[in-house]
Amino acid sequence: MWMDRLQADPLPWLLEPDPANPGVRYFALRDLLDRPADDPAVTAAQEAIMASGPVPAILDAQTPEGYWAKPGTGYSPKYRATSWQILFLAELGADPADARVRRGCEYVLTHSVAANEAFSVYQSLRPSGALHCLNGNLLYALAKLGYAGDERVQAALAWQVNAITGEGDVRFYETGTSGPGFACGVNLGQPCGWGAVKAVKALAGVPATQRTPAMQRAIAAGVEFLFSRDPAVADYPYTERVSPHWFKFGFPLSYWSDVLETAAVLAELGYGGDSRLAPAIALILGKQDAHGRWKLENALNRKMWIDIEPRGKPSKWVTLRALRVLKRCPPA
């Protein structure tokens, strides 16, 4: 059993009612115990997400027009503007049917899409501001929040696919997505490991039966790139040294990634038993404590509308992330 590799059983801790982080219980029931969506415990846990903790705090900061912090594309100020809230709401398990959640999604789709049909970081919506990290994050989040079938989301997804493969009518920019294969001007034109993880994560969320041949080629290119280095070492091309963010597990993540997210994406695509992922799984297992819990090593505390958990302490969210991965990765 996948839990045999744990130092102790953290499930009772994750399943306890917790008004500060009610989403953990919901996801633990759904993802770790495989309870169905109509299970009374699952529906009650989902309702609790909207009643207390970070989701109501984020929604309380929303303006009546649907944006956060200031109008526009929603990338800046970081972690308080609109685009970030859509990502955080999805990760925290917000109800897609909630009117405020939908208003925020609609605001992003109306104000953040450039002429190339991708999401841009720039207030002016210049197409050169379309980056894999931003698009991957928003495509993943919007799908989780009920917008997977929206034609605007589908168009942005098509941009992401073509930007990875170089197929179709896609234009590259020296200062932005600068070429196929995750090349990014922010990374001096080199392929970006963070961008690759985010882009492949968005594509992995598309049900296998709905993936077009172009999507399958983009996913294959992403898997090949992520396995081109040892994911546990994460020495993907970078402007300076390997970022320490790869090895400090956190929640929620931003434009950066970590070894845990890389492993999660590859495992979701069916590579959980691949020997190339084994060092990353060993790294993940080595970070648990004697109680089978993982610490919050990387946080956006004092940067978001609300702090999620204290840095340096055992984290329910990081433990949940780790267990999701381990469940998909059978022991060698």
### Task
Check G66 against T82 and note the closest heavy-atom contact, atom names and distance.
O-CG2, 4.2 Å
### Query
Can you find a heavy atom in the side chain of D95 that is under 4.5 Å from one in the side chain of V101?
no
### Query
Does any N or O in the side chain of R103 come within less than 3.5 Å of the main-chain N or O of D98, such that one atom is a donor and the other an acceptor?
no
### Query
Can you tell me if H291 and Q7 form a side-chain donor-acceptor pair at under 3.5 Å?
no
### Query
When you check the side-chain N and O atoms of S243 and Y238, is any donor under 3.5 Å from an acceptor?
no
### Query
So is K295 actually on top of F249's ring, under 6.0 Å and inside 45° of the axis?
no
### Task
Flag this pair as yes if the NZ/CZ of R30 is under 6.0 angstrom from the six-membered ring centre of F27 and inside a 45 degree cone about the axis; otherwise no.
no
### Query
Got more than 12 heavy atoms from elsewhere within 6.0 Å of CD, E65?
yes
### Query
Where the side chain of Q288 meets the backbone of L6, is there a donor-acceptor pair that is under 3.5 Å apart?
no
## Note on the structure
What one should report as the nearest heavy-atom pair of G189 and S178 is CA-OG, 3.6 Å
### Task
Please assess N116 against R171 for the test side-chain contact (heavy atoms from CB on, under 4.5 Å), listing each intermediate value before the final yes or no.
CA-CA 8 Å; N116 60 354; R171 179 180 175 183; over 6 Å; no
#### Entry: Test side-chain contact (heavy atoms from CB on, under 4.5 Å) applied to I308 and W317, step by step
CA-CA 9 Å; I308 306 297; W317 284 106; 3.6 Å; yes
### Query
Do V170 and V161 share a hydrophobic cluster (ILVMFWY, side-chain heavy atoms under 4.5 Å, transitive)?
no
### Message
Strictly distance-based, threshold 3.5 Å: is any side-chain N or O of T319 a donor or acceptor partner for the main-chain N or O of W294?
### Response
yes
### Query
More than 12 foreign heavy atoms under 6.0 Å from NZ of K327: is that the case here?
yes
### Distance (rounded to the nearest 0.5 Å) between E174 CD and L188 CG
10.5 Å
## Note on the structure
Of all heavy-atom pairs linking V318 and L260, the shortest is O-CD2, 4.2 Å
### Task
Treating Ile, Leu, Val, Met, Phe, Trp and Tyr as nodes and any side-chain heavy-atom pair under 4.5 angstrom as an edge, say whether I281 and M3 lie in one connected cluster.
yes
### Query
Would you call R321 and D31 a salt bridge, taking side-chain N to carboxylate O under 4.0 Å as the test?
no
### Query
Can you tell if the side chain of W246 reaches within under 4.5 Å of the side chain of W256, non-hydrogen atoms only?
no
### Task
Kindly compute the distance separating CG (D274) from CG (L266), expressed to the nearest 0.5 Å.
8.0 Å
### Task
Answer yes or no: does atom NZ of K287 have more than 12 heavy-atom neighbours from other residues, nucleotides or ligands under 6.0 Å?
yes
### Query
Would you find more than 12 non-hydrogen atoms of other residues, nucleotides or ligands less than 6.0 Å from Y122 atom OH?
yes
### Donor-acceptor contact below 3.5 Å, side chain Y236 vs main chain L226
yes
### Query
After noting the C-alpha distance and the side-chain angles of L125 and V113, does the key distance pass the side-chain contact (heavy atoms from CB on, under 4.5 Å) rule?
CA-CA 7 Å; L125 288 180; V113 179; 6.0 Å; no
### Test: E16 and K316 ion pair at under 4.0 Å
yes
### Query
Considering all heavy atoms of both residues, which atom of P279 and which atom of S275 are nearest to each other, and what is their separation?
CD-O, 3.7 Å
### Message
Is it the case that the side chains of H245 and N298 hold a donor-acceptor pair, with the cut-off being a distance below 3.5 Å and no angle test?
### Response
yes
## Note on the structure
Closest non-hydrogen contact found for L277 with G272 is CD2-CA, 4.1 Å
#### Entry: Electrostatic pair E167:R217 at N-O distance under 4.0 angstrom
yes
### Summary
For L145 and I86 the tightest heavy-atom approach is CD1-O, 3.7 Å
### Task
Would you please indicate yes or no on a ring centroid separation below 6.0 angstrom for Y107 and W68?
no
### Query
Just by distance, do the side chain of S315 and the backbone of L296 share a donor-acceptor pair under 3.5 Å?
no
### Note: K198-E261 ion pair, threshold 4.0 Å (strictly below)
yes
### Message
The test is side-chain contact (heavy atoms from CB on, under 4.5 Å); show your working for N21 and E309 and say whether it passes.
### Response
CA-CA 9 Å; N21 279 292; E309 293 177 302; 3.7 Å; yes
### Query
OG of S83 to CG of L138: how many Å apart, nearest 0.5 Å?
5.0 Å
### Message
Take a 6.0 Å sphere around CG of D60 and say whether it holds more than 12 heavy atoms from other residues, nucleotides or ligands.
### Response
yes
### Query
Counting N and O atoms only, with roles assigned by atom type, does the side chain of N187 sit under 3.5 Å from a partner on the main chain of P191, one being a donor and the other an acceptor?
yes
### Query
Would one find more than 12 heavy atoms of other residues, nucleotides or ligands at under 6.0 Å from atom CD of Q190?
yes
### Message
Please check: side-chain N/O of R80 versus main-chain N/O of M304, any donor-acceptor pairing under 3.5 Å?
### Response
yes
### E91 with K201: basic N within carboxylate O range, under 4.0 Å
yes
### Charged N-O contact under 4.0 Å between R152 and E106
yes
#### Entry: Side-chain H-bond candidate by donor/acceptor type, W159 with N135, under 3.5 Å
no
### Task
Would you check if the side chain of R276 reaches a backbone N or O of F227 as a donor-acceptor pair within less than 3.5 Å?
no
